[in-house]
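Quick caveat: nothing in here was measured; it's all calculated off a predicted structure. Residue numbers start at 1 and run along the sequence shown.
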Amino acid sequence: MTGRIIVAIDSFKGCLTSAEANQAAAEGIRECMPDTEVVQVPVSDGGEGWLEAFRSAVGGSLVEINVSDPLMRPVEAQYLIKDDMAVIEMAKASGLTLLSSEERNPMIASSYGTGQLLVDAVQRGCRQIIVGLGGSAASDCGTGMLRAIIDAFAKGGSWDDVHALDDVRFTIATDVTNPLCGEGGAAHVFAPQKGATPEMVLALDARAKRFAEFSARHFGFDRQHVPGAGAAGGMGYAFLQYMDAQCRSGIDLLLDAVRFDEQLAGTSLIITGEGSADRQTLMGKLPFGILRRAQDHHVPVMLIAGRIKDRQQLLDAGFSRVECINSPSLPIEEAMKPETAKRNIRQAVSSIGMSAKIAFIFNEEQKQKCRKIWKNN
């Protein structure tokens, strides 16, 4: 089998990075189709793995500095500089993975460290800053970040005294479209994942409403309802309201950076995936973003995951094949081990090819079937 296959798999959270998952799939392809060209594209939607994926896409240099973690303890965090552009992954400084399960408390967790990364980038001359929002431990509406900026740049101790950002353009990368407040807002939807009790959720939502009302009075406009304001515990709101940031889909931003559409010419298949795939995958998650790009070029897309639900809905959306890498009897603790996940990705991809089942993806009949699905959607 000759041809070209693009592998662009999201990280398996808490288990494998995007690059590790891609490598395992590539090895599986080469086992059964050694003559096939394999192109690996590390990807992220703005959360875990965002910095590494963007560095693979555009190059640049990593900068490592000491900042404050969500509980204001010292931690080393990296960000990327390329010319006058900085790329920041919020989770590096303010991420949930920096805390133990016992330490998680969004009532006190702060985004201050992310602000310190931003300040350092500005002080080094960066005038275009892209921030990947995701994996945050905080639900502070970005007030910690704003405080770090004020501490660094405002002699008068007020946001109105901050002028160092006047010629800096901000872009936030997120596929979250939630508003800041309410039942669909940051606190109600995301805070429980960060350790919030039902009582905390109500308190966080009320705190967010007060902050938004204060900010609206101050600026004369209110962006709490703009899609993405609720991202990363309300960090999206702080960027939109205070820094006039542009909000873009994380996966689209990254795919543009790697010139993904140009790479689709001559491609026979894309293999994408994530840790767990279900109907929520179709609500703007990374594999769906890749599927939409592929549909425009009539390239079939195969989806693999550690757990699969709603298989038929995924197929109906246009994925040409949906495969679970784990057997139903495999304990979750074993499945989450990196070496197990790598082996299962490699074996799943290889076994599909070895059994010749993958061949159907390449034939014209299947391509016509995919085109028909995509045309109807």
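- In this structure the side chain of I290 reaches within 4.5 angstrom of the side chain of F260, judged on heavy atoms.
- Side-chain atoms of V39 and V7, non-hydrogen and from C-beta on, never get closer than 4.5 Å to each other.
- Under a cut-off of 6.0 angstrom, the local environment of CD in Q280 is sparse, with at most 12 non-hydrogen atoms contributed by other residues, nucleotides or ligands.
- Using a 4.0 Å cut-off between charged side-chain N and carboxylate O, R292 and D252 make a salt bridge.
- Formation of a donor-acceptor pair under 3.5 Å by the K194 side chain with backbone atoms of A138 is found in this model.
- A heavy-atom distance below 4.5 Å is found between the side chains of R223 and D244.
- Side chain to side chain, S18 and S11 fail the donor-acceptor criterion of an N or O pair below 3.5 Å.
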**Prompt:** Hey, mind stepping through Y242 and S215 against side-chain contact (heavy atoms from CB on, under 4.5 Å) and telling me if it holds?
**Reply:** CA-CA 8 Å; Y242 282 76; S215 300; 2.7 Å; yes

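- A distance of 8.0 Å separates CD1 in I304 from OG1 in T272, rounded to the nearest 0.5 Å.
- Y237 and F190 end up in different hydrophobic clusters when Ile, Leu, Val, Met, Phe, Trp and Tyr side chains are linked at under 4.5 Å.
- Using a 3.5 Å distance cut-off with no hydrogens or angles, the side chains of E52 and T17 do not pair a donor with an acceptor.
- Other residues sharing a hydrophobic cluster with L330 under the 4.5 Å side-chain heavy-atom criterion for ILVMFWY residues do not exist; the residue is a singleton.
- Put simply, the side chain of S110 does not reach to within 4.5 Å of the side chain of P70, judged on heavy atoms.
- When every heavy atom of S139 is checked against every heavy atom of L204, the shortest pair comes out as O-CD2, 3.8 Å.
- Identified under the side chain to side chain donor-acceptor pair (under 3.5 Å) test for residues 71-89, with sequence neighbours left out: E64-Q78, D69-R73, R73-E103, Y79-D120, Y79-R124.
- Ion pair D278/R311 not flagged as a salt bridge, since none of the NZ, NE, NH1 or NH2 atoms sits closer than 4.0 Å to an Asp/Glu carboxylate oxygen.
- Looking at E323 and R321, a side-chain N of the basic residue comes within less than 4.0 Å of a carboxylate O on the acidic one, giving a salt bridge.
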Taking distance alone, no hydrogens or angles, what donor-acceptor pairs closer than 3.5 Å link side-chain atoms of residues 159-168 to residues at least two apart or in another chain?
unit_1	atom_1	unit_2	atom_2	d
D160	OD1	H218	NE2	2.9
D167	OD1	R127	NE	3.3
D167	OD2	R127	NE	3.2

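- L291 CG to T281 OG1: the interatomic distance, rounded to the nearest 0.5 Å, is 11.0 Å.
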**Request:** Let me see the working for I271 and V349 under side-chain contact (heavy atoms from CB on, under 4.5 Å), right down to the final yes or no.
**Result:** CA-CA 9 Å; I271 298 178; V349 173; 4.2 Å; yes

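- Residues I172 and L180 fall within the same hydrophobic cluster, defined by Ile, Leu, Val, Met, Phe, Trp and Tyr side chains chained together at heavy-atom separations under 4.5 Å.
- Not one N or O on the side chain of Q295 forms a donor-acceptor pair closer than 3.5 Å with the backbone of P300.
- Hydrophobic clustering (ILVMFWY, side-chain heavy atoms < 4.5 Å, transitive): I88 and L146 are in one cluster.
- How far CG of L62 is from CG of L51: 5.5 Å, rounded to the nearest 0.5 Å.
- Each side chain to side chain donor-acceptor pair (under 3.5 Å) pair with one or both residues in residues 224-236, not counting sequence neighbours, appears once here: D222-Q224.
- The aromatic rings of F211 and F214 lie parallel to each other, with less than 30° between the two planes, well short of the 60° mark.
- Side chain of R4 to main chain of S268: no donor-acceptor pair is present (N/O by atom type, distance under 3.5 Å, no hydrogens or angles).
- Taking 4.5 Å as the limit, some side-chain heavy atom of T174 sits within range of a side-chain heavy atom of C247.
- Without hydrogens or angle criteria, S351 side chain to Q347 main chain gives a donor-acceptor distance under 3.5 Å.
- Screening residues 96-146 for ring pair (Phe, Tyr, Trp, His ring centres under 6.0 Å), with sequence neighbours left out, gives no hits.
- If you run side-chain contact (heavy atoms from CB on, under 4.5 Å) between M145 and each of M90, M235, Q116, only M235 comes through.
- Nearest heavy-atom pair across V119 and A148 is CG2-O, 3.9 Å.
- Counting only heavy atoms from C-beta outward, the side chains of V58 and L80 approach each other to under 4.5 Å.
- If you chain together hydrophobic residues whose side chains sit under 4.5 Å apart, I81 and W50 never meet in one group.
- In terms of heavy atoms, F153 sits closest to V122 at CZ-CG1, 3.9 Å.
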**Message:** Between N66 and V75, is the side-chain contact (heavy atoms from CB on, under 4.5 Å) condition met? List the steps.
**Reply:** CA-CA 6 Å; N66 291 316; V75 66; over 6 Å; no

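- Side-chain atoms of S320 come within 3.5 Å of backbone N or O of V301 as a donor-acceptor pair.
- Contact of the D256 side chain with the L254 side chain is not registered, since no non-hydrogen atoms from C-beta on lie closer than 4.5 Å.
- Within the 4.5 Å cutoff, the side chain of E274 has heavy atoms near those of the K285 side chain.
- Under the 4.5 Å side-chain heavy-atom criterion for ILVMFWY residues, a single connected hydrophobic cluster contains both L286 and V299.
- Side-chain polar atoms of T340 and E334 form a donor-acceptor pair below 3.5 angstrom.
- Taking 4.0 Å as the cut-off between side-chain N and carboxylate O, R248 and D175 do not count as a salt-bridged pair.
- Listed by chain and residue number, nothing satisfies the salt bridge (charged side-chain N to carboxylate O under 4.0 Å, His left out) test with R169 (two or more places apart in sequence, or in another chain).
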**Criterion side-chain contact (heavy atoms from CB on, under 4.5 Å) on F239 and I129, from CA distance to verdict** = CA-CA 11 Å; F239 276 105; I129 298 181; 6.0 Å; no

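- The backbone N or O of I9 sits less than 3.5 Å from a side-chain atom of N22, completing a donor-acceptor pair.
- Ion pairing of R30 with E27 is absent here, as no side-chain N (NZ or NE/NH1/NH2) approaches a carboxylate O to less than 4.0 Å.
- Smallest separation of non-hydrogen atoms from A26 and V38: CB-CG1, 3.8 Å.
- Shortest non-hydrogen contact noted between G142 and A238 is CA-CB, 3.8 Å.
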